[in-house]
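The structure appears below as structure tokens.
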Number of protein chains: 2
Amino acid sequence: MKRNAAQHDHRKCVHTALSTAEAVCKARGEKLTPVRKRVLELVWASHRPVGAYALLDSLRADGRSAAPPTVYRALEFLLAQGLVHRVESLNAYLGCAHPAADHAAQFLICRQCGTAAELEETDIASAIDRHAKRAGFTVERRTVEAMGLCAACQTA
Amino acid sequence: MKRNAAQHDHRKCVHTALSTAEAVCKARGEKLTPVRKRVLELVWASHRPVGAYALLDSLRADGRSAAPPTVYRALEFLLAQGLVHRVESLNAYLGCAHPAADHAAQFLICRQCGTAAELEETDIASAIDRHAKRAGFTVERRTVEAMGLCAACQTA
DNA sequence: TCTTGATTGAAATAGTATAACATCCACATC
DNA sequence: GATGTGGATGTTATACTATTTCAATCAAGA
Ligand SMILES: [Zn+2]
Ligand SMILES: [Zn+2]
Ligand SMILES: [Zn+2]
Ligand SMILES: [Zn+2]
């Protein structure tokens, strides 16, 4: 039920995400250029992961000149800054809920409504790392994505 | 160091995988046709996840007539039977190490040598499920992939 | 001003996956 | 053995995702 369209002011989500991004970039001396900012805003248009070509269509709808590299470059920057995440199982992108700090993220993706919620549970990450270590494996990056039904879609 | 090319008889891996597949399909009344069997064998050609188009090339190298649907259909069948896994972060496919029983699998993927080891740790899956449940989310499928360095590549 | 490096524009191409329809084959039934 | 049926495969076309390459532009800093 969290983040149901009827139950939260999504403008606030977008506004918070954009201000945080400004702050983060400024603090790091990175440039949040108009294209990058606009792509971030488009990613935040919903709580559903968005495909790169959907973003491209939106950029073009803005009247802006845009080709695939336009959006992939913006995404590359936003990913590097931790402002968006890539959802591997969907080939899609999602705004990060807590971009300030480096963190291991996990995603709960609803197959019904398409929303994705972000978790940041260190014990999931450490369970993976522990078993990896037993195998002599050093973990550098983790992809954890759960598919299923969100609370809202279950009751419905 | 496990499964280093020099340190195990890979023919045995392949043979075991194919016999198990035969048995599993027979028990279920499913048909492991020549294409399907050959694709499974090709997937098992190494312990590295293989892309669909690499499999396609191999099928063609056999002299067989093959197009993308040929390999994707075979993979669809093998995935449904639990004989192969899909590695989401690589868009690639890997033979399942324990295809008989249904299981939650996790992968340790070496960025250096490309090998992927399969884990089947229930506590990783249950940690995910537990946090999901707290969010009211019902998990149906999990994708857990760790990128890093395998034991062999670390010492080297 | 000049230089330099980062960013963006633009065109082409590579890589991954599915849709749609025809044909074939194994098997059950008559 | 002939016929009908459904699954499996063949074939072509297309959709979707991502990168390469080179040119043009822009934004500081010397
Ligand atoms: Zn919102
Ligand atoms: Zn839902
Ligand atoms: Zn082996
Ligand atoms: Zn390795």
Side-chain angles (χ1 to χ4, degrees), chain A residues 21-22 25-26 28-43 48-81 83-94 109 114 143 145, chain B residues 21-22 25-26 28-43 48-81 83-94 109 114 143 145:
Chain A
E22 295 273 19
C25 288
K26 186 162 191 176
R28 292 176 189 162
E30 299 285 350
K31 291 181 239 182
L32 189 64
T33 63
V35 214
R36 291 167 177 176
K37 186 169 179 178
R38 179 64 177 141
V39 169
L40 181 59
E41 190 181 9
L42 289 168
V43 164
R48 278 181 282 281
V50 199
Y53 279 74
L55 294 169
L56 179 56
D57 289 344
S58 301
L59 282 182
R60 284 173 169 163
D62 287 352
R64 197 185 294 262
S65 154
T70 309
V71 56
Y72 280 104
R73 283 165 180 159
L75 287 171
E76 182 184 31
F77 173 85
L78 296 169
L79 286 166
Q81 299 307 317
L83 297 169
V84 306
H85 292 288
R86 176 178 160 85
V87 179
E88 298 291 348
S89 57
L90 298 176
N91 295 332
Y93 305 85
L94 182 70
I109 307 158
T143 298
E145 299 168 7
Chain B
E22 295 272 19
C25 289
K26 185 163 192 176
R28 293 176 189 162
E30 300 284 351
K31 291 182 239 183
L32 190 64
T33 62
V35 215
R36 292 167 177 177
K37 186 169 179 178
R38 179 63 177 141
V39 168
L40 181 59
E41 190 180 10
L42 289 169
V43 164
R48 277 180 282 280
V50 199
Y53 279 74
L55 294 169
L56 179 56
D57 288 346
S58 301
L59 282 182
R60 285 175 169 161
D62 286 353
R64 197 184 295 262
S65 154
T70 310
V71 56
Y72 280 104
R73 283 166 180 159
L75 288 171
E76 182 183 30
F77 172 85
L78 296 170
L79 286 166
Q81 299 306 317
L83 297 169
V84 307
H85 292 289
R86 175 179 159 84
V87 179
E88 298 290 348
S89 57
L90 297 176
N91 296 332
Y93 305 84
L94 182 69
I109 308 157
T143 298
E145 299 168 8

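So you know, we letter chains A, B, ... as the sequences are listed, proteins then strands, and number each from 1. Since we're looking at a predicted model, the values are computed, not measured.
Among residues two or more places apart in sequence or in another chain, the salt bridge (charged side-chain N to carboxylate O under 4.0 Å, His left out) test is passed with Arg86(B) by Glu88(B). For Ser89(B), the side-chain hydrogen bond (donor to acceptor under 3.5 Å, both in side chains) partners two or more places apart in sequence, or in a different chain, are Glu145(B). Contacts of Arg73(B) classified as salt bridge (charged side-chain N to carboxylate O under 4.0 Å, His left out), with partners at least two apart in sequence or in another chain: none.
Nearest heavy atoms, Pro49(A) versus Leu94(A): N-CD1, 3.9 Å. Across all non-hydrogen atoms, the minimal contact from Val43(A) to Tyr93(A) is CG1-O, 4.1 Å.
Remark: P of dG7(D) and CZ of Arg36(B) are 11 Å apart, rounded to the nearest angstrom.
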Could you walk me through whether Val71(A) and Leu42(A) satisfy the side-chain contact (heavy atoms from CB on, under 4.5 Å) test, starting with their C-alpha distance in whole Å, then the side-chain angles of each, then the deciding distance to 0.1 Å, before giving a yes or no? CA-CA 11 Å; Val71(A) 56; Leu42(A) 289 168; over 6 Å; no
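Place Thr33(B) and Ala67(B) on DNA chain D by their nearest nucleotides, and Thr33(B) ends up nearer the 5' end.
From the 5' end on, the contacts that DNA chain C makes with chain A at under 4.0 Å to a non-hydrogen atom open and close at dT7(C) to dA11(C).
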Expected string for nucleotides 14-30 of chain D under the B/S/- scheme (protein heavy atoms, under 4.0 Å, primed atoms plus P, OP1, OP2 as sugar-phosphate) is ---BBBBB---------
Can you give each donor-acceptor pair under 3.5 Å made by side-chain atoms of residues 30-41 of chain A, sequence neighbours left out, with the distance rounded to 0.1 Å?
| residue | atom | partner | partner atom | Å |
| --- | --- | --- | --- | --- |
| Arg36(A) | NH1 | Lys31(A) | O | 2.6 |
| Lys37(A) | NZ | Glu22(A) | OE2 | 2.6 |
| Arg38(A) | NE | Asp62(A) | OD2 | 2.6 |
| Arg38(A) | NH1 | Glu41(A) | OE1 | 3.2 |
| Arg38(A) | NH2 | Asp62(A) | OD1 | 2.9 |
| Arg38(A) | NH2 | Asp62(A) | OD2 | 3.4 |

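For the pair Ser65(B) and dT9(D), the criterion of a side-chain N or O lying under 4.0 Å from OP1 or OP2 is not met.
A heavy-atom distance below 4.5 Å is not found between the side chains of Thr70(A) and Ser65(A).
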